[in-house]
Amino acid sequence: MAQPDLPALRALEERLRFLASWIIHHANHVRDSADGLKVGGHQASSASMSAIMTALYFDALGPDDRVAVKPHAGPVLHAIHYLLGSQDRETLEQFRGFKGAQSYPSRTKDKIPVDFSTGSVGLGVAITLFASLVQDWLSARGALTDDRRGRFVALMGDAELDEGNIYEALIEGHKHDVRNLWWIVDYNRQSLDATSADRMFERFDDIFRTCGWRVVELRHGKLLAAALAKAPEVKDWLEALPNADHSALLYQGGAAWRARIAADLGTKADSFLKGVEDDQLSALMSDLGGHCLESLTQAFAAAQDDVPTVFIAWTVKGYGLPFAGHKDNHAGLMNPTQFAAYRDSLGIAEGEEWTPLAGLGGNARAGVEALIEATRVRREKEPRNFTGWAIPALPAPSGEEQSTQAAFGRILLDLAKSGHPLADRILTTSPDVTVSTNLGAFVNNRGLFHRRGIKDVFAEAKIPSAQKWAARDAGQHVELGIAESNLFLMLAAAGLSGDLFGHRLIPIGTLYDPFIARGLDSLNYGCYQDARFLLVATPSGLTLGPEGGAHQSINPPLIALGQPGLRHYEPAFADELALFMGEAIRLIDDPHGESTYLRLSTRSVAQEPRASDAWQADALAGGYWLREPGANAEAAIVAMGAVMPEALAAFDALADDLPGLGLLSITSPNLLHRGWSEASAGLWKGEQRASHVATLLSRLSPTARLVTLCDAAPASLSWLGAVLGHRVAPLGVDRFGQTGNLPDLYGEYRLDGEAITEAMAGLLIG
């Protein structure tokens, strides 16, 4: 690699630090405020990252590298793209304002290229590991040539290392021998509330090395390292100095450093302190590795192989700003007087703050312009990659009685065996519940993935087993350990494959339904950046029976009801499931699509005979009349999923006494609720259109009564009464379950036919 132009890099870094600070200052002190609230923006956190990001974006990164930027360094990223010409002034003037540059880097909301959304602490770090794994999955199939494989870089604050999801990902990555990763720690030793604990940070290098990572510590800059080499006593003292003391001294400046060193070391420090003025001493002690562009560029240049590497870059939080090192600077802002002094010190005239290279002249400007011109990172946001693939028909498995969980496995296996090109795009994954969620047959057919291959010892020893667990680089299933956060991050990374690599995949992940809550933050994170995947959660509800309350789920439909970017379907029958799986695959490749969550059951139920396919359109929209109501019917049973047999039995028992009784099958409460909310909001805009749920319920009398039934929290369906004002008796589960057979449990938790009959009687006769 060519030697970097260090003077130009230093000038560029100083300009980026100023621009990031100005973007935040403008939002808080210059722009008109309609509500008087503080805008914020983290000037200190941006300043501690400016040198690291300068070295990366203007020297180390190539066009195929992808970066997850530390959330609080978002202003630096925007400043970089402002200089590159891909961000405009108007957007920056609205930083943290409506439709302006986002508080934290966002793939979908920011106009600049953002590889991974960040903001939920730690998740932006961990997803880079799974993106690297997806890259290996694609490379093994020849979808990516060696020259197009990129590096995945995560920029993190040291406080993010408190997040458990980072270590769950680290362990999983070690199992899969991940590569092409750089994690760069902005070790400024300060978080929102406290100074980083010295004792814990001393162990991080061991943790990473144990997992096969190279550890590079950038503690001292070149100037400080040279000075300390001549004063070993000072070096030993400094490296033993507690983090809190270090930060305080950085804030207090040269006089405080001199007094403390002299007090602790006495005459041993005379040669180090002699002839050095206080301002020079302050600058020297602030020369940490994370601010030394020579150290940074050399370290990055020395790590050009594919070995995963963590760089621990010591920095000063608020470097170069008036509150550098102060423990309260996390949300601190320069006041107008401080900012004016800072601007003047850089030679930038008032009114020229937005001028890209203000304050730079002569050789400095020419060098910076050359760096900007030569940078290899993407300057513009690429259009999202949707391929318009052909989706084959997914027929429902035959059988008079089936569970949706078993049907899922058979449908997926049939697709795998069909030889249809779409099957080659499927990447399945599961957190150690592959077999118990009916993925086993697909895995036997398509294989486990591991880029180095793993032998199936049982098969080689001719020990009978239903599972073929040899792994090879051509396998399509990524087996994960028991960490649901990793599952959702893997799905998110695979769900961005079209945007990251130009090859859109069909990621399918399975887990037990109650354990969605374990990885909910990661699931929300994937949806936030519009990653596309199919989540299959099974088994669900009290219907799981003997497993008891620890494994019986209650609230996942409520989670889905409020989760943007995720469509929930809960089929009762195998043909519904086949329909929804086809729709989920379509939505993955639809520019206006989303991810899908299928809530399945192990309960085997009698399948519904169909006279035609007329039910399908309504089922896809969220619900259909399984038993048509009579004109202006006064009552209906509304049911969802595994408890449909109870609803059907109650319908048969009540039909003679309640002429016109209908049975409404709810297939997606969140789609119905979404459509109803959109239609209601449209009324205020003068739009007159009925939602699908309103159209369904309009078949009933305005005074009709509804009994709703679901193997989940009753609130999942009880809201239906608000659509047209019908009275509702909601049946469902609002207590932790227990072990037992289905008749006992359904009776105890009022999910049986008797409960439906009693609820209907209560509605009609009081």
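All residue numbers in this chain count up from 1 along the given sequence.
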Open item on the list: Determine whether R603 and E401 satisfy the following criterion, salt bridge (Lys or Arg N to Asp or Glu O under 4.0 Å), listing intermediate values before the conclusion.
Closed with: CA-CA 9 Å; R603 187 186 189 190; E401 286 198 4; over 6 Å; no
Open item on the list: So which atom in G519 and which in E484 form the shortest heavy-atom distance, rounded to 0.1 Å?
Closed with: N-CB, 4.0 Å
Task: L394 CG to I411 CD1 distance, which is reported to the nearest 0.5 Å - done: 7.0 Å
Task: Residues R599 and S553: side-chain donor-acceptor under 3.5 angstrom - done: yes
Open item on the list: Restricting to non-hydrogen atoms, name the atom on L505 and the atom on W137 that form the minimum distance, rounded to 0.1 Å.
Closed with: CD2-CZ3, 3.6 Å
TODO: Please report the C-alpha distance between D110 and Y104 in whole Å, then the side-chain angles of each, then the deciding distance to 0.1 Å, and finally whether the side-chain hydrogen bond (donor to acceptor under 3.5 Å, both in side chains) criterion is met.
DONE: CA-CA 9 Å; D110 275 318; Y104 311 122; over 6 Å; no
Task: Rounded distance [0.5 Å steps], CZ in F651 versus CZ in R627 - done: 6.5 Å
- [ ] Using atom types as modelled and distance alone, determine if a side-chain donor or acceptor of Q405 lies under 3.5 Å from a backbone N or O of S436.
- [x] yes
Task: Residues E748, R735: salt bridge by 4.0 Å N-O rule - done: yes
Task: Note: R750-D752 ion pair, threshold 4.0 Å (strictly below) - done: no
Task: salt bridge (Lys or Arg N to Asp or Glu O under 4.0 Å) between E168 and R518, worked out - done: CA-CA 13 Å; E168 291 182 344; R518 289 183 178 176; over 6 Å; no
Task: Smallest separation among heavy atoms of L724 and S698, with atom names - done: CD1-N, 3.6 Å
Task: Close side-chain approach of F488 to L520, heavy-atom, < 4.5 Å - done: no
Open item on the list: Quick check against the 3.5 Å criterion: does S601 have a side-chain atom that pairs as donor or acceptor with the backbone of P539?
Closed with: no
Task: E479 and T429: side chain donor to acceptor below 3.5 Å - done: no
Task: Minimum side-chain heavy-atom gap I588-P507 below 4.5 Å - done: yes
Task: Residue pair Y512 / Q552, side-chain donor-acceptor N/O under 3.5 Å - done: no
Task: R727 vs L706 side-chain heavy atoms within contact, under 4.5 Å - done: no
- [ ] To the nearest 0.5 Å, tell me how far L717 CG sits from L664 CG.
- [x] 9.0 Å
Open item on the list: Is there a side-chain hydrogen bond (donor to acceptor under 3.5 Å, both in side chains) between E634 and T703? Walk through the geometry before answering.
Closed with: CA-CA 7 Å; E634 291 294 336; T703 59; 2.9 Å; yes
TODO: Inspect the contact between R107 and D499 and indicate whether a charged nitrogen and a carboxylate oxygen are less than 4.0 angstrom apart.
DONE: yes
Task: Check against side chain to side chain contact (heavy atoms under 4.5 Å, CB included), W389 and H420 - done: CA-CA 11 Å; W389 55 42; H420 193 282; over 6 Å; no
- [ ] Taking the side chain as every heavy atom from C-beta outward, state whether I666 and P669 have any pair of such atoms under 4.5 Å apart.
- [x] yes
Open item on the list: Show the nearest heavy-atom pair for residues A621 and L671, with the distance to one decimal.
Closed with: O-CB, 3.8 Å
Open item on the list: Test your reading of the model: is there a side-chain donor-acceptor pair from S106 to the backbone of S117, 3.5 Å cut-off?
Closed with: no
Task: Spacing of CG belonging to L587 relative to CZ belonging to R567, to within rounding of 0.5 Å - done: 4.5 Å
TODO: Check T434 against V443 and note the closest heavy-atom contact, atom names and distance.
DONE: CG2-CG2, 3.8 Å
Open item on the list: Regarding T510 and S430, do their side chains bring together a donor and an acceptor under 3.5 Å, going by distance alone?
Closed with: yes
TODO: For the pair N741 (side chain) and D744 (backbone), establish whether a donor and an acceptor sit closer than 3.5 Å, ignoring hydrogens and angles.
DONE: yes
Task: Over all atoms of both residues, closest heavy-atom pair of L697 and L720 - done: CD1-O, 3.8 Å
Task: Under 3.5 Å side-chain donor-acceptor pair for N165 and S485 - done: no
Open item on the list: Nearest 0.5 angstrom please: I506 CD1 to M581 CE, how far?
Closed with: 9.5 Å
TODO: Go through L535 and T596 one step at a time and tell me if the side chain to side chain contact (heavy atoms under 4.5 Å, CB included) criterion holds.
DONE: CA-CA 6 Å; L535 172 65; T596 302; over 6 Å; no
Open item on the list: Between E570 and L600, is there a side-chain heavy-atom distance shorter than 4.5 Å?
Closed with: no
TODO: Using modelled atom types only, decide if a donor and an acceptor are shared between the side chain of D711 and the backbone of T543 within a distance under 3.5 Å.
DONE: yes
TODO: Verify the distance criterion only: is there a donor paired with an acceptor across the side chains of H503 and S497 at less than 3.5 Å?
DONE: no
TODO: Take E576 and Q616 through the test side chain to side chain contact (heavy atoms under 4.5 Å, CB included) and record every step on the way to the result.
DONE: CA-CA 8 Å; E576 292 177 356; Q616 293 184 350; over 6 Å; no
TODO: State, without any angle test, whether N632 and S701 hold a side-chain donor-acceptor pair at a distance under 3.5 Å.
DONE: no
Task: Reported CG-to-OG1 distance for the pair L577 and T667, which is rounded to 0.5 angstrom - done: 12.0 Å
Open item on the list: Donor-acceptor pair, distance only, cut-off 3.5 Å: does the side chain of Y569 make one with the backbone of G622?
Closed with: no
Task: Test item: W719 and L672 side chains (from C-beta on) under 4.5 Å apart, heavy atoms - done: yes
Open item on the list: I'd like to know if the side chain of R532 reaches the main chain of G593, judged simply by a donor and an acceptor atom lying under 3.5 Å from each other, with no hydrogens or angles considered.
Closed with: yes
TODO: Begin from the C-alpha positions of E754 and Y746 and carry the test side-chain hydrogen bond (donor to acceptor under 3.5 Å, both in side chains) through to its verdict.
DONE: CA-CA 10 Å; E754 182 179 347; Y746 281 12; over 6 Å; no
Task: Counterpart residues, side chain to side chain contact (heavy atoms under 4.5 Å, CB included), relative to A574 (two or more places apart) - done: A396, P397, Q402, A407, Q607
Task: Heavy-atom side-chain proximity of L415 to I426 below 4.5 angstrom - done: yes
Task: Ionic contact status for D530 with R384, cut-off 4.0 Å - done: yes
Open item on the list: Looking at H477 and T428, would you say the former's side chain and the latter's main chain have a donor-acceptor pair under 3.5 Å?
Closed with: yes
Task: Side-chain heavy atoms of K417 within contact of F442, under 4.5 Å - done: no
TODO: Establish, yes or no, whether a centroid distance under 6.0 Å links the rings of W615 and W625.
DONE: no
Open item on the list: Check whether D589 reaches the backbone of G388 with its side chain - one donor and one acceptor, N or O, closer than 3.5 Å.
Closed with: yes
- [ ] Return yes if some donor-acceptor pair links the side-chain N/O of N670 with the main-chain N/O of L566 below 3.5 Å, else return no.
- [x] yes
Task: Over 12 non-hydrogen atoms of neighbours within 6.0 angstrom of CD in E400 - done: no
TODO: Run the numbers on V121 and E163 for side chain to side chain contact (heavy atoms under 4.5 Å, CB included), then give the verdict.
DONE: CA-CA 7 Å; V121 176; E163 286 288 347; 3.6 Å; yes
